[in-house]
Structure formats: C-alpha cells, structure tokens
Amino acid sequence: MLLQKEKTEPPVIRQLFFDRILLTGFRATGKSLVGRLLADRLALDFLDTDALLCRLIGCSVADFVAEQGWSRFREMEERLLMDLSRRSGAVIATGGGAVLHQQTWKALRRKSASIWLQADEQTIKRRLITDVHSEQQRPSLTGMDPVLEIQEMLSERIPLYQCGSDFAIRTDGRSPRDLVEEIEHGLSLLTEKTKSI
Ligand code: S3P
C-alpha cells in the first residue's frame, strides 16, 4: 500500500517581511519544538539560544548555574542576544528569561516579529515534569517550591512577555502543527499591519 504523502498547504508567508522571528514565553511553552517546525515551514534557519549558550559555556545550564550562578548566566545570555540582533533569516527560540534584558530585547526586536507562546500553570507544570531536558536546562530560578515558583515567576514575567511581543498564541492542548499554522496567519496579519503604517 503506497502511503499518500500528506498534502500540506504551501506556506502563506512567501517572503518574510521581517529580518527574524523571535519566540518568547515561559519555560515549557513549546518555543524550541514549534520554532524548529516554523523554520522548516518558512525555509528559515532555526536557532535556540539555550542550545547556543550550552555550546558556548561547554556544559548544561544546570551545571553552569551551579558553578557560576544565575547572574553570570544572564550576562552570557544577554551577550548572545545582542549578537543575534545582527542575524537575519532565522527563527530564534529564546530562553524564558530573555525578556529580562529589556534594552537588549528592544534591540533584538528591531525588524523582528516577536511571538509570545502562552500556557497556563497546569500545562507548564505537567510539561516541566515530563520534559527530559528540564533537569539539565531548567534549574530552579528561586529555590522555592517548583509549583510556587511557576506561579510567582509567571506573574512577574507576563507583563514583560506582553509588552515584548507583537502577538500571542495559546499552546495548551494544541499540536505543534496547529500552532505553526496559527503563527503563519498571525505573521501575515502583522506584515499587512506593518506595511500599512
Ligand atoms: C529560563 C528558561 C530556560 C533557560 C534557563 C532560564 C528562565 O529556557 O534559558 O533555565 O529564566 O525562564 P526555556 O524557556 O527554553 O526552558
């Protein structure tokens, strides 16, 4: 039986109006997974700031933070984000704390489309528990109880994600392919809006 190759619609976005696409949002909201699929779909490069940072520091986020602390990690992260502000033709999945660097985030957003991937506390908690990368990539940010930490950090960060993005996508219970389609639609609306300014 010959398997019929699933017909996928051609990308809505033929020509990307922006230099790059940024994915922002809390931990475990799907930035890396959706980012890779989106980049494939739009024939763009895919960059993951955590993966780039781990290559730079030569170890996992958890090991680096255990040795050198969060502020040193943030320094490295900010420098990388600044370098990426000169990069075009890519989808960039940023770490959940990238928006903390507000001036650098502003610079990175120039000529970028920035998309906020959202999920509620329950979804984030469940994904953090089931994601094999969590232990190495997501050490505790505060030393608090993990569930309290999600609540606390989410309420702190939501205003930053909101003002640091062009539009938001809810990810709870949705397939990555669905999310990519919705992002494409959002990008074409944003392109029209930006062109009309
Ligand atoms: C962090 C999120 C992580 C990673 C580091 C810090 C944060 O990335 O950069 O653990 O401050 O929220 P993901 O959002 O990809 O998990």
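Every number for a ligand or one of its atoms is a count from 1 in the order of the listing. In what follows, residues are counted from 1 in the order of the sequence shown.
Atom 12 (O) of ligand 1 has R157 NH1, 2.9 Å as its closest protein atom, hydrogens excluded (heavy atom only). Among all non-hydrogen protein atoms, the one lying nearest atom 11 (O) of ligand 1 is R74 NH2, 2.6 Å. Scanning all protein heavy atoms for the shortest distance to atom 16 (O) of ligand 1 gives R138 NE, 2.6 Å. For atom 9 (O) of ligand 1, the closest heavy atom belonging to the protein is D50 OD1, 2.7 Å. Nearest to atom 5 (C) of ligand 1 among the protein's heavy atoms is Q137 O, 3.6 Å. Scanning the protein heavy atoms around atom 1 (C) of ligand 1, the nearest turns out to be R27 NE, 3.5 Å.
Between atom 7 (C) of ligand 1 and the options A28, S60, G97, G95, the minimum heavy-atom separation is to G97.
Of all the heavy atoms of L141, the ones lying under 4.0 Å from any atom of ligand 1 belong exclusively to the side chain.
Within a 6.0 Å sphere centred on CD of Q68, heavy atoms belonging to other residues, nucleotides or ligands number more than 12. Atom CZ of R36 is surrounded by 12 or fewer heavy atoms from other residues, nucleotides or ligands within 6.0 Å. Atom CD of Q151 is surrounded by more than 12 heavy atoms from other residues, nucleotides or ligands within 6.0 Å.
Ionic pairing of R110 and D19 is not present here: no N-O contact between side-chain nitrogen and carboxylate oxygen is shorter than 4.0 angstrom. One finds a salt bridge joining D131 and R138 here, because a Lys/Arg side-chain nitrogen approaches an Asp/Glu carboxylate oxygen to under 4.0 Å.
Among V34, I115, L117, the single residue meeting the side chain to side chain contact (heavy atoms under 4.5 Å, CB included) criterion with L179 is V34.
At a 3.5 angstrom cut-off on N or O pairs, G96 counts as close to ligand 1.
Between the S134 side chain and the L128 main chain, a donor and an acceptor come within less than 3.5 Å of each other.
At least one heavy atom of W70 sits less than 4.0 Å from an atom of ligand 1.
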